[in-house]
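As structure tokens, the structure follows; a few thoughts come after it.
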Amino acid sequence: MRYAKGHGTGNDFIIVPDQDDQLELGADVVRRLCDRHEGIGADGVLRVVSRASDPAPWFMDYRNADGSIAEMCGNGIRVFARYLLDHELAAGSELAIATRGGTRIVRQETDGALSVDMGPASTGRTGWALIGGRRYTGLAVYVGNPHLACLVDDALDKFDLAAPPGLDPADFPAGGNVELVQLTGPAALSMRVHERGSGETRSCGTGAVAAAAAASVLSSSATKTVPGQWHVTVPGGALTVTLDAGTSWLTGPAVIVAEGELDPDWLASR
């Protein structure tokens with residue numbers, strides 16, 4: 001099995017080319033691939049599937065590190081697009097990529113960064129996350145997948161995100177991603193994130209959009225997301241989130257760092 005390894009602001013992925021949609025990528029294989037001690041190590045797996053007859057010619061089959069299926073990944077789709085471009089599987093300034101959260105357009109910027117049309121960031125009601133035995137209030141945000149973004153006053157490095165935060169099952173019946181957000185200036189924030197199915201990661205693209213959307217609501221008297229551009233700092237680097245009335249854009253780097261082939265004996269072993 002061929003593979004590549006890439007990351008977007010430290011959020012790392014294993015890319016598995018499967019243009020003919022022939023691989024059975026089960027949860028056990030995904031967990032073994034993402035194991036950082038006995039596998040390649042990653043926050044998730046991106047399977048590259050060709051769908052030439054569809055309006056979006058490529059499908060990003062994204063799996064979390066625990067093998068569970070996810071709807072969308074903002075950093076992952078940029079890495080996915082970088083793989084397509086580097087391998088000349090796609091060309092042009094814009095790429096249409098299908099995901100379980102809907103079709104997304106990825107745009108090449110002149111500085112080498114990639115921007116993703118993430119769709120509208122839909123804010124919901126306030127909820128809570130239980131972290132270290134303490135409840136924190138946050139705003140539910142849907143960016144193709146569910147989030148709870150919590151604005152906090154404490155320094156972000158004081159929080160223990162090793163364990164999954166508790167969430168109200170009435171609001172998040174299938175679980176969700178939790179962002180801890182600290183405002184650092186006008187239209188600027190820092191965040192940490194615990195991703196459903198992957199644990200704490202160094203970055204989360206959908207989480208960055210959710211954090212910006214929540215901050216734009218909670219830091220103003222408005223009852224809806226305020227348009228504007230946000231600078232988002234994550235442990236793995238920096239992202240730009242642009243909010244407007246109809247959609248949101250996520251801009252940042254995407255890098256392929258290695259390619260190779262899995263040892264068939266390791267792949268066949270259990």
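Hydrogens, waters and symmetry mates play no part in the numbers below; they use all other heavy atoms, side chains included.
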Can a donor-acceptor pair be found between the side chains of [X] and [Y] at a distance below 3.5 Å?
X	Y	answer
T201	E195	yes
R107	T251	no
H147	T206	yes
Q108	S93	no
S198	D43	no

Quick check against the 3.5 Å criterion: does [X] have a side-chain atom that pairs as donor or acceptor with the backbone of [Y]?
X	Y	value
D244	G246	yes
R78	G74	yes
S203	N11	no
Q229	V241	no
R2	L262	no

Problem set entry | Separation of L148 CG from Y136 OH (nearest 0.5 Å) | 13.0 Å
Seminar exercise, completed: Checking L89, I77, V49 against W58 for side-chain contact (heavy atoms from CB on, under 4.5 Å), the one that qualifies is L89
For this session: Check each of Y3, Y83, F80 against L46 using the side-chain contact (heavy atoms from CB on, under 4.5 Å) test, and report the only one that passes.
Result: F80
For this session: Answer yes or no: does atom CD of E38 have more than 12 heavy-atom neighbours from other residues, nucleotides or ligands under 6.0 Å?
Result: no
Problem set entry | D12/R36 salt bridge by N-O under 4.0 Å criterion | yes
Exercise. Between R47 and D21, is the closest basic N to carboxylate O distance under 4.0 Å?
Worked result: yes
Exercise. In terms of hydrophobic clusters joined by side-chain contacts under 4.5 Å, are V79 and L114 together?
Worked result: yes
Using residues 63-72 as the side-chain source, report each donor-acceptor pair under 3.5 Å to any protein atom, sequence neighbours left out, with the distance given to one decimal.
residue: R63; atom: NE; partner: D61; partner atom: OD1; Å: 2.9
residue: R63; atom: NE; partner: D61; partner atom: OD2; Å: 3.4
residue: R63; atom: NH1; partner: L25; partner atom: O; Å: 3.0
residue: R63; atom: NH2; partner: D61; partner atom: OD2; Å: 3.0
residue: N64; atom: ND2; partner: S68; partner atom: OG; Å: 3.0
residue: N64; atom: ND2; partner: R196; partner atom: O; Å: 3.4
residue: D66; atom: OD1; partner: S68; partner atom: N; Å: 2.9
residue: D66; atom: OD1; partner: S68; partner atom: OG; Å: 2.6
residue: E71; atom: OE1; partner: R196; partner atom: NH2; Å: 2.8
residue: E71; atom: OE2; partner: R196; partner atom: NH2; Å: 3.4

For this session: Tell me, please, which residues at least two apart from R192 pass salt bridge (charged side-chain N to carboxylate O under 4.0 Å, His left out).
Result: E200
Indicate every side-chain donor-acceptor pair of residues 157-166 with a distance under 3.5 Å to a residue at least two apart or in another chain.
residue: D160; atom: OD1; partner: A162; partner atom: N; Å: 2.9

